Protein chains: 2
Amino acid sequence: MADKISGANFQDRRDFLKKTALAATVGLTASSLLSSSGCSATESAGAGSCRLTETNNVVLFQGDSITDWGRNRSKENTPNDSQCLGSGYVLLTAGALLDEYSNTKPIIYNRGISGNKVFQLAERWDKDCITLKPDLLSILVGVNDFWHTLDGKYKGTLETYQNDYRSLLERTKKALPAVKLVICEPFVLKCGSVNQKWFPAFDGYRDAAKKVAAEFKTIFVPFQSAFDEAVKNAPPQYWATDGVHPTVAGTHLMAKTWLKTAFGIKT
Amino acid sequence: MADKISGANFQDRRDFLKKTALAATVGLTASSLLSSSGCSATESAGAGSCRLTETNNVVLFQGDSITDWGRNRSKENTPNDSQCLGSGYVLLTAGALLDEYSNTKPIIYNRGISGNKVFQLAERWDKDCITLKPDLLSILVGVNDFWHTLDGKYKGTLETYQNDYRSLLERTKKALPAVKLVICEPFVLKCGSVNQKWFPAFDGYRDAAKKVAAEFKTIFVPFQSAFDEAVKNAPPQYWATDGVHPTVAGTHLMAKTWLKTAFGIKT
């Protein structure tokens with residue numbers, strides 16, 4: 001179809017639109033245009049203030065298996081497609097944004113990869129983040145940074161996680177000064193693979209993510225609080241069978257929490 | 001996990017719960033129990049009044065490819081699982097219901113099959129509907145009943161569609177007297193495969209679905225009106241690339257419309 005969103009063509013179209021906008025705004029500097037791109041939240045404005053106000057704003061979801069969930073890697077350059085987005089919280093969140101912002105037609109990618117820790121995001125960051133030039137970047141990472149230490153195969157510490165996360169965000173801000181950041185809290189449910197060995201150590205990773213979010217003045221999505229509230233209505237495994245990977249109910253809770261925290265959209 | 005929802009075990013559990021409820025309510029007749037199962041909407045109560053008030057109420061989505069969308073047929077007896085539900089409007093709708101009704105833990109199935117017309121639903125109705133004993137049954141069918149006539153390979157008429165639909169609902173009500181019905185309006189967007197040949201003939205199928213819904217006093221979900229409104233913000237192909245199968249944006253619009261119409265849930 002003529003208006004189909006697909007990788008290369010769409011990037012061309014977006015560049016064309018940006019150049020057109022530039023040509024039409026003589027007197028504005030390139031940097032002022034850049035700073036107005038992305039969602040309109042000032043970074044310190046906090047919860048609920050994100051908007052996708054420009055045509056074809058790019059939104060990128062990054063993370064591990066919880067983000068990756070069901071996506072078809074061969075469709076990763078076909079933004080907005082259900083196979084590109086997977087069938088987890090990214091699909092539900094993207095659906096709401098694409099519907100809510102149909103007038104500005106956002107371009108939404110999912111580039112989560114199962115098992116990833118922060119250093120693995122860093123290894124593929126040029127290809128899977130910087131090149132896509134996101135206006136809004138949402139990251140959910142941390143559960144594997146702890147989980148994979150339990151069998152002794154991964155030697156990273158809490159300090160590794162925090163320092164790697166900080167470096168990743170510094171690098172991101174340097175390459176994409178206008179990008180708006182949404183940092184998601186790693187979370188677990190107390191069931192399945194999540195036993196007493198996880199605590200209190202895992203709580204440190206949640207705190208570290210929150211600390212990094214505060215340092216970079218990003219929006220912080222409190223997934224753990226949302227699940228802690230949810231288990232008052234149904235047991236942990238209703239929300240995440242193995243304690244880590246959310247069920248469809250958990251996926252909806254995540255999307256709802258993300259949309260409310262970042263955009264003030266109530267679902 | 002102990003509480004995992006899976007085919008046979010879950011049916012056993014549901015039967016156990018129903019028997020327990022029966023034993024605990026001596027004095028109530030079986031028929032009064034039956035009539036209180038499912039959503040609490042009286043059938044004539046119309047929009048927004050559905051609820052899933054009983055433990056393990058069964059919800060079934062039936063239809064064609066728009067319902068089927070991305071589901072894994074080998075998981076069709078694993079309700080609530082994302083592979084069972086697919087990645088279309090059923091997933092988004094189910095996510096909201098599973099989250100909203102976490103206290104009563106609904107059991108949600110998707111049994112849509114691509115290309116189906118009403119008579120093909122009828123052919124598999126015992127296996128794919130009656131046996132599941134849904135408390136709430138949502139049906140979206142009709143686009144193929146018209147579309148497949150265009151190349152002359154299917155000879156059914158508008159009258160066939162309406163009569164087949166009526167027969168299917170009569171049979172359903174006979175087998176499942178307490179089932180609550182949600183009839184969804186077939187819809188198209190004017191793009192892709194949908195050209196002038198579709199009109200006004202296709203409008204007759206929408207009208208027929210509405211007429212049947214009125215006859216059986218079911219809830220009627222006005223998808224076509226929702227899309228007609230949506231194209232004021234973005235072109236038809238933004239909502240359904242080929243005019244028939246919704247994009248992720250269209251999928252969200254459908255889930256939003258369904259949830260609002262059937263349950264009064266605003267997203």
Side-chain angles (χ1 to χ4, degrees), chain A residues 1-5 69-72 79-106 108 191-192 230-243 245-256 259 265-267, chain B residues 1-5 69-72 79-106 108 191-192 230-243 245-256 259 265-267:
Chain A
M1 81 187 196
D3 213 45
K4 174 70 178 167
I5 292 169
W69 205 250
R71 77 180 177 98
N72 179 343
N80 299 5
D81 186 275
S82 65
Q83 290 193 59
C84 168
L85 297 169
S87 52
Y89 78 96
V90 175
L91 178 68
L92 275 64
T93 308
L97 293 177
L98 290 165
D99 186 359
E100 179 81 13
Y101 288 99
S102 59
N103 57 333
T104 56
K105 302 175 187 59
I108 308 184
C191 61
V231 295
K232 295 176 184 171
N233 290 323
Q237 54 269 44
Y238 184 84
W239 304 102
T241 308
D242 66 358
H245 300 97
T247 57
V248 172
T251 290
H252 187 270
L253 181 66
M254 290 180 69
K256 183 170 71 176
L259 289 162
I265 296 174
K266 289 181 183 172
T267 63
Chain B
M1 81 188 198
D3 212 43
K4 173 70 178 167
I5 292 168
W69 204 250
R71 77 181 177 97
N72 179 342
N80 298 5
D81 185 276
S82 64
Q83 289 192 60
C84 167
L85 297 170
S87 51
Y89 78 94
V90 175
L91 178 68
L92 275 64
T93 308
L97 293 177
L98 290 165
D99 187 0
E100 178 80 13
Y101 289 98
S102 59
N103 58 334
T104 57
K105 302 177 186 57
I108 308 184
C191 61
V231 295
K232 294 176 185 172
N233 290 323
Q237 54 268 45
Y238 184 85
W239 304 101
T241 308
D242 66 358
H245 300 96
T247 58
V248 172
T251 289
H252 187 271
L253 180 66
M254 288 180 70
K256 184 170 72 175
L259 289 162
I265 296 174
K266 289 182 184 174
T267 61

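Convention: sequence-line order gives letters A, B, ...; per-chain numbering from 1. No experiment lies behind these values; they were computed from the predicted model shown.
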Contacting moiety of [X], where chain A heavy atoms sit under 4.5 Å:
X	result
B:L85	side chain
B:S87	both
B:K232	neither

Could you give the distance from [atom1] ([X]) to [atom2] ([Y]), rounded to the nearest 0.5 Å?
X	Y	atom1	atom2	answer
B:L98	A:T251	CG	OG1	10.0 Å
B:M254	A:D99	CE	CG	12.0 Å
B:T241	A:N80	OG1	CG	10.0 Å

Seminar exercise, completed: Given B:G95, B:S102, B:A249, the one with more heavy-atom pairs under 4.5 angstrom with chain A than any other is B:S102

Exercise. Based on non-hydrogen pairs under 4.5 Å, which of B:N233, B:I265, B:I108 is most in contact with chain A?
Worked result: B:N233

For this session: Flag the one option from A:N103, A:L253, A:T104, A:L259 with the top tally of heavy-atom pairs under 4.5 Å to chain B.
Result: A:L253

Problem set entry | Max heavy-atom pair count under 4.5 Å with chain B, selected residue of A:G70, A:A94, A:A234 | A:A234

Problem set entry | Minimum heavy-atom distance between A:K105 and B:P235, given as atom pair plus value | CE-CD, 3.5 Å

Problem set entry | Closest heavy-atom pair and its distance - B:Y238, A:Y101 | OH-O, 4.2 Å

